[in-house]
Amino acid sequence: MTNELRRLAAELRAVDVRKLGGPVMSKAGAQMRDRARQDAPTGPHLPGYARQIVFTKDGPLAVEVGAQA
């Protein structure tokens, strides 16, 4: 392994992906929730269904979007 490659590997190991990725995942979750609400089916048999669609963070790097039970 060359010195440059070793330096790059050390720099990448030093990156706190959880800290940097957490806000990005929150924004992505909100955007997916909003899009799902826009695309949600409507009608008298589904009153308020779109409002039931939420997102939760499942750890620092995972987001789950769906309707609340």
Side-chain angles (χ1 to χ4, degrees):
M1 200 183 267
T2 68
N3 285 339
E4 287 182 35
L5 190 52
R6 283 190 182 100
R7 260 193 308 274
L8 175 60
E11 288 176 19
L12 291 174
R13 282 191 296 272
V15 173
D16 188 348
V17 174
R18 292 173 181 232
K19 183 177 179 182
L20 295 174
V24 174
M25 294 305 293
S26 292
K27 184 174 182 177
Q31 290 174 339
M32 287 186 287
R33 177 205 58 212
D34 294 346
R35 181 60 187 260
R37 285 179 175 178
Q38 289 174 359
D39 294 343
T42 59
H45 57 288
L46 293 170
Y49 176 71
R51 288 190 310 275
Q52 296 295 318
I53 298 173
V54 297
F55 86 93
T56 56
K57 283 185 71 178
D58 186 13
L61 298 177
V63 175
E64 186 174 322
V65 178
Q68 286 181 316

Chemist: Inspect the surroundings of CD in Q52 and state if more than 12 heavy atoms from other residues, nucleotides or ligands are less than 6.0 Å away.
Modeler: yes
Chemist: Taking all non-hydrogen atoms of both residues into account, name the closest pair between R51 and R37 and its distance.
Modeler: O-NH2, 3.7 Å
Chemist: If you look only at distance, which donor and acceptor atoms sit under 3.5 Å apart when one is on a side chain in residues 16-33 and the other is two or more places apart or in another chain?
Modeler:
{"from": "D16", "atom 1": "OD1", "to": "R18", "atom 2": "N", "distance (Å)": "3.4"}
{"from": "D16", "atom 1": "OD1", "to": "K19", "atom 2": "N", "distance (Å)": "3.2"}
{"from": "S26", "atom 1": "OG", "to": "G22", "atom 2": "O", "distance (Å)": "3.4"}

